[in-house]
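One is the number of the first residue; the rest follow in order along the sequence. Computed from heavy atoms alone, side chains included, the values below leave out hydrogens, waters and symmetry copies. Predicted model, so just to flag it, every value in this text is computed and none were measured. In each ligand, atom 1 is the first atom listed, and ligand 1 is the first ligand listed.
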Amino acid sequence: MEFKKIGVLTSGGDAPGMNAVIRAVTRVANAAGVETYGIFEGYQGLMDGNLVRLTGSDVSNIISKGGTMLYTARANEFKEPSGMEKALKTCKEHGIDGIIAIGGDGTFRGATDLSAHGIPTIGLTGTIDNDITATDYTVGFDTAMNTVLECVDRLRDTCESHARCSVVEVMGRDAGYIALQAGISVGAIGIVIKEFPFDEDAMMKRIIKSKKEGRRSFVVIVSEGVKDEEGKPFGEGLSKRIEEITNVETRFVRLAHIIRGGAPTLRDRLAASMMGSAAVKLLLEGKSNLVVCERNAEIVTYEINFALTLDKMYKNKLKQGDLDRFASSEIHEMEILAEVRRKEMLDMYNSAMSLM
Ligand code: ATP
C-alpha cells in the first residue's frame, strides 16, 4: 500500500520526549514524501477530527521541550464501538492511511483496535514509568528520574541541616521502577515498592542505628502504588510511624506531577528520535499492530497483543484464555522475557538493600 498521509498522536499520561518523537515522525515521513498530520489530544482528537498538517518547520525547536505540542487526553469513548466509528470517519475524511500512537499500554490497546479496523498503526512508548515489559526503555523515564534525583537531593540538603527524614512518594502506579532506581541513586534508607514485601521493622532499626552513629538525614522512597490496609497512600502513615518510633522529625513529600515535566534529557531525546524514525519506516514498509521497543540497546518490535499479554504475564494478571491465541513458541518467548524482567528487578532490589 502506498502511504500519502499519516497521523501522529500522543495519548495517556504525558512524558518528556513526546515532542521529540513527534518531530522525528514528521521529519522522516515528510522526507519520504508522506504528509504528516498531528492529531490533538490523543484518541479524542481522532474521534473529533481535530488535526493539523505538520511541516518540518512546525516541529523546529520542540526537541528540547517537555509536555506534548499535540496535547493528550483520556478518551474513554474510544473504547466503545461509537468511538471507533468516529475515528474511522476522521481517517476516511482526511485520507489518513496510517497512525503512530505514542503512550503507554492503554494507548497500545487503542492502537491494536485501530489496526484491527484497517488503519495500520504502530505504537511507541511515551511513559515515565518504564513499565512496558517488552522494552528495556520507555521514552520519558530518564528525564523523570533525573528530576526525582534533583528534588530529593534538595530535600536531602535541608534534612541534613535540620536532622530530619523525608518520606518521598514518587509516581509509578503499578510499577516500582522509578522508586527502586531513585532509591538506589539518592542513597535511601528504605524503598517501598509493590513488587517486594517491605520490612518496616528492619528499616526502623537501620534508622535508629544510623542516628546513633551520627547520621542526621534520612530519605525513604515510596512508590505511589503502595497503599495501607485502608487503601490510603502508604507513605503518609509510614512518615508518622518513623517519627514516633525513631524520634527523627519526619516529613512526607509527594513529588507527583512535577516529575512529568521539563526538558527531556539526552537519553530521552535520542530514544525518541531513534524510535520515532523506526516507527515511520515500519509503517511505510507495510507493517502494523507493532510496538517499537528497545532491547539490549537495539530497536526491535513486538506485536502489540504479544507485548500487552507479556505485561500481564509479568504482573501475574493473566486470565483464563489470554494465552490461547499464541503459539507455544511465543508463550515460551514471553516466559523468558518476563523472567528476565523479574530477575532484573530482583537483582536491583537486592543490591539496593545491600547498599542501605
Ligand atoms: P500511561 O499509563 O502512561 O498514562 P496509557 O496509554 O496507558 O499511558 P491510558 O489512560 O490507560 O494511558 O490510555 C490512553 C487512552 O488509550 C485512553 O484514554 C483511551 O482513549 C485509549 N484506550 C485505553 N484502553 C483502551 C482499550 N481497552 N481499547 C481501546 N482504547 C483504549
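More than 12 heavy atoms of other residues, nucleotides or ligands lie within 6.0 Å of CZ in Phe198, so this atom counts as buried by the packing criterion. Crowding of Glu335 atom CD: a count of heavy atoms from other residues, nucleotides or ligands under 6.0 Å exceeding 12. More than 12 heavy atoms of other shown residues, nucleotides or ligands fall within 6.0 angstrom of atom CE in Met345.
Neither side chain, Thr250 nor Ser239, offers a donor N or O lying under 3.5 Å from an acceptor on the other.
The option from Gly104, Gly126, Ala175 that lies nearest to atom 5 (P) of ligand 1, judged by heavy atoms, is Gly104. Evaluated by nearest non-hydrogen atom to atom 23 (C) of ligand 1, the leading choice among Ala111, Gly106, Gly123 is Gly106.
Taking any N or O of Asp105, backbone or side chain, at least one lies under 3.5 Å from an N or O belonging to ligand 1. Between Gly13 and ligand 1, a contact under 3.5 Å exists for at least one N or O pair. Close N/O approach between Gly12 and ligand 1 is not found [any backbone or side-chain N/O within under 3.5 Å]. Not a single N or O atom of Arg109, backbone or side chain, sits closer than 3.5 Å to an N or O atom of ligand 1.
Short contacts between ligand 1 and Asp113, defined as distances under 4.0 Å to a heavy atom of the residue, involve ligand atoms 28 (N), 29 (C). For ligand 1, the atoms sitting less than 4.0 Å from at least one non-hydrogen atom of Phe78 are 20 (O), 30 (N), numbered in the order shown with element in parentheses. In the vicinity of Arg74, heavy-atom distances shorter than 4.0 Å reach the ligand 1 atoms 4 (O), 9 (P), 10 (O), 12 (O), 18 (O).
Checked against Glu213 for a salt bridge (Lys or Arg N to Asp or Glu O under 4.0 Å), the options Lys211, Arg215, Lys209 give a single hit: Lys209. Applying the salt bridge (Lys or Arg N to Asp or Glu O under 4.0 Å) test between Asp322 and each of Lys315, Lys317, Lys312 identifies Lys312 as the sole match.
One finds no salt bridge joining Asp48 and Lys86 here, because no Lys/Arg side-chain nitrogen approaches an Asp/Glu carboxylate oxygen to under 4.0 Å. Between Asp136 and Arg341 there is a salt bridge, with a side-chain nitrogen of the basic residue lying less than 4.0 Å from a carboxylate oxygen of the acidic one. Taking a cutoff of 4.0 Å between a charged side-chain nitrogen and a carboxylate oxygen, Glu294 and Arg267 qualify as a salt bridge.
For atom 6 (O) of ligand 1, the nearest non-hydrogen atom of the protein is Thr107 OG1, 2.4 Å. Protein heavy atom at the shortest distance from atom 24 (N) of ligand 1 is Lys79 CE, 3.3 Å. Nearest protein heavy-atom contact of atom 30 (N) of ligand 1 is Gly110 CA, 3.4 Å. The shortest contact between atom 3 (O) of ligand 1 and any protein heavy atom is with Thr127 OG1, 3.0 Å. Protein heavy atom closest to atom 19 (C) of ligand 1, with residue, atom name and distance, is Ala75 O, 3.4 Å.
Ligand 1 has at least one atom lying under 4.0 Å from a heavy atom of Ser11.
By the criterion of a heavy-atom distance under 4.0 Å, the side chain of Arg173, and not its backbone, is placed next to ligand 1.
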